[in-house]
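Along the sequence shown, residues carry numbers from 1. In what follows, every heavy atom counts, from backbone to side chain, and hydrogens, waters and symmetry copies are set aside. We count ligands from 1, going down the list as the structure has it; atoms in each ligand are counted the same way.
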Amino acid sequence: MAVSETAAGESGRWLARAREVLPGGVSSPVRAFRGVGGTPPIVRSASGVEITDEDGKTYLDFVASWGPLILGHAHPALVEAVRTAAGRGSSFGATSRPEIELAETMVGCYPGIEQVRFVSSGTEAVMSAVRLARGATGRDLVVKFSGCYHGHADGLLVAAGSGLKTLGRPASAGVPGAYAELTRVLPLDDEDALADLFEREGDRIAAVIIEPVPANNGLLQQRPAFLDALREACTGSGALLILDEVITGFRLGPGGAADRYGLQPDLATFGKVIGGGLPVGAVAGPRAIMRKLAPEGPVYQAGTLSGNPLAMTAGLTTLRRLIEHDGWSTLEALGHEFEERVGDVLRRSETPAALARLGSIFWIAWGSTALPPAAESIPESAAARYSRVFHGLLDRGIALAPSAYEVGFLSLAHESRHLERFADALDAVLADPDGEAGR
Ligand SMILES: Cc1ncc(COP(=O)(O)O)c(C=O)c1O
């Protein structure tokens, strides 16, 4: 399918203006559609499950702003709460009631955490957690896993090196080699590589950070035995285990992936859902570790807009609705229905594909009928196949993330009829010989 790189209409005119003043026309790279080709719509508004672009075209949305919008777009209760909060002042630069209540709610839900430090993004949360881990242990190395994404802090934009395999090398221009050298990169799903590294350098490791359900390179569900081995290795060597729950926190359930896998982290990082669509991140843990943060302890960490009352209100409203309406059970039922409908379409199609689904998170592995456990096992053909499916769906008014490696999200605004529409559209796209999706 030939996809034009220029767009017509109002959206196209705004995109041309955007490209003049924003690098790539965006404020975050994947939004530019480079992974799928074509041109992104410029969004005017969104409500419930629907996004509307500047030409008035609507899309049934499965991106949910990359995860935060678990209630759907512009949920009336959230809009009302934020409107009221804004009337009281948009930022105080001081502790306020919704901040305390959001922290209390998180502490009441997530296993083993007693205190929370709020920041304004997931990246900041991870950066702060890593510094805290280094400050608390007095060690310098951080271990991450290939295929996991933890935001764009220097020390984590690091890929596995080619020489001594676990030694990190910068994954972006602008990341100094000296920073990357303090990061070790391991493959997922590999207890031997983990044991090897701890054997060699265990006494230098401050923290191991992992997405307990890696969801930034497809949805790479890990074996519980692998996660248990990780917990044991950290405990055995005195390294802290940081669970990066920026996607999974309060999306998989009140206790996130930690609760689902019976895994107790030393620190956990959050973002997305706990901000209800406003900019938020958080690092949380037991008091014994959290009190090392300034002003109580020696690890410096701060933020002008941290604990912003509008963001705290949006997050609190989101979590309260989830708790009061047992939103996670509804999402699990929706997820189950999605899996049945879409699984059926994929089974009938000649295109090799496998559906991964956990709660309200989903991903389709194109080009393989088995789910890959690690990023390296995703077939290279996946991106080209996905591009055709993505555009076929977009033409039919359905928005998925513009990258083969990004997951999709269901929200409480989705209903059976939306899932049916998705499945029918996917069926049509896969059967369309002109769209070539099936090749
Ligand atoms: C697991 C994980 N950690 C950290 C981040 C960074 O969060 P943010 O984009 O809010 O900086 C992301 C973003 O997608 C993420 O998925």
Side-chain angles (χ1 to χ4, degrees), residues 26-32 35 62-70 110 117-133 142-158 171-172 175 183 185 188 207-222 227 241-252 256-258 260-261 263 265 267-284 301 303 305-308 311-312 314-315 318 356 358-363 375 400-403 405-409:
V26 292
S27 295
S28 193
V30 190
R31 298 176 193 176
F62 291 91
V63 186
S65 188
W66 307 85
L69 300 177
I70 200 164
Y110 191 88
R117 171 61 55 92
F118 287 112
V119 292
S120 298
S121 70
T123 296
E124 252 190 284
V126 166
M127 247 169 60
S128 307
V130 166
R131 186 177 307 139
L132 176 55
V142 168
V143 181
K144 76 175 286 276
F145 291 89
S146 176
C148 287
Y149 176 69
H150 302 289
H152 63 92
D154 284 339
L156 291 163
L157 275 188
V158 171
S172 160
V175 173
T183 305
V185 184
L188 285 164
V208 178
I209 184 164
I210 188 167
E211 289 181 80
V213 182
N216 277 287
N217 237 297
L219 190 63
L220 308 171
Q221 294 179 62
Q222 297 300 293
L227 296 172
L241 175 61
I242 304 173
L243 289 191
D244 184 351
E245 298 240 32
V246 166
I247 286 182
T248 46
F250 296 91
R251 176 164 279 279
L252 288 185
R260 194 170 273 248
Y261 289 97
L263 199 61
L267 290 171
T269 51
F270 300 94
K272 303 202 189 249
V273 169
I274 65 156
L278 272 75
V280 175
V283 49
Q301 194 286 330
L305 292 176
S306 294
N308 173 267
M312 298 292 104
T318 300
L358 196 61
S360 52
I361 310 174
F362 68 88
W363 178 64
L400 285 181
S403 158
Y405 307 98
E406 299 285 347
V407 296
F409 295 99

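Distance alone, capped at 3.5 Å, is enough to place a donor-acceptor pair between the E245 side chain and the A258 backbone. Checking side-chain atoms of T248 against main-chain N and O of G256 turns up no donor-acceptor pair under 3.5 Å.
Atoms of ligand 1 lying under 4.0 Å from any heavy atom of E211, numbered from 1 in the order shown and given with element: 1 (C). Listed by number with element, the atoms of ligand 1 under 4.0 angstrom from any heavy atom of S121 are 10 (O), 11 (O). Residue D244 approaches ligand 1 through these ligand atoms, each under 4.0 Å from one of its heavy atoms: 1 (C), 2 (C), 3 (N), 4 (C). Listed by number with element, the atoms of ligand 1 under 4.0 Å from a non-hydrogen atom of I247 are 16 (O).
The minimum heavy-atom distance between A311 and V280, with the atom names listed, is CB-CG2, 3.2 Å. The minimum heavy-atom distance between L157 and S172, with the atom names listed, is CD1-CB, 3.9 Å. The heavy-atom pair separating D154 from V175 by the smallest distance is O-CG1, 3.4 Å. Shortest non-hydrogen contact noted between S403 and V30 is CB-CG1, 3.9 Å.
Nearest protein heavy-atom contact of atom 4 (C) of ligand 1 is H150 C, 3.4 Å. If you check which protein heavy atom lies closest to atom 5 (C) of ligand 1, you get G151 N, 3.7 Å. The protein non-hydrogen atom at the shortest distance from atom 16 (O) of ligand 1 is N216 ND2, 2.9 Å.
For ligand 1, the polar-atom distance check against T123 finds a nitrogen or oxygen pair separated by under 3.5 Å. Between G122 and ligand 1, a contact under 3.5 Å exists for at least one N or O pair. Of the polar atoms of K272, at least one N or O is found under 3.5 Å from an N or O of ligand 1, judged by distance alone.
Contact annotation: W66 has no heavy atom less than 4.0 Å from any atom of ligand 1.
Proximity of T269 to ligand 1, defined as any heavy-atom pair under 4.0 Å, is not found for any part of the residue.
No donor-acceptor contact under 3.5 angstrom links the side chains of Q301 and R131, judged on distance only.
Side chains of L358 and R260 form a contact here, defined as non-hydrogen atoms less than 4.5 Å apart.
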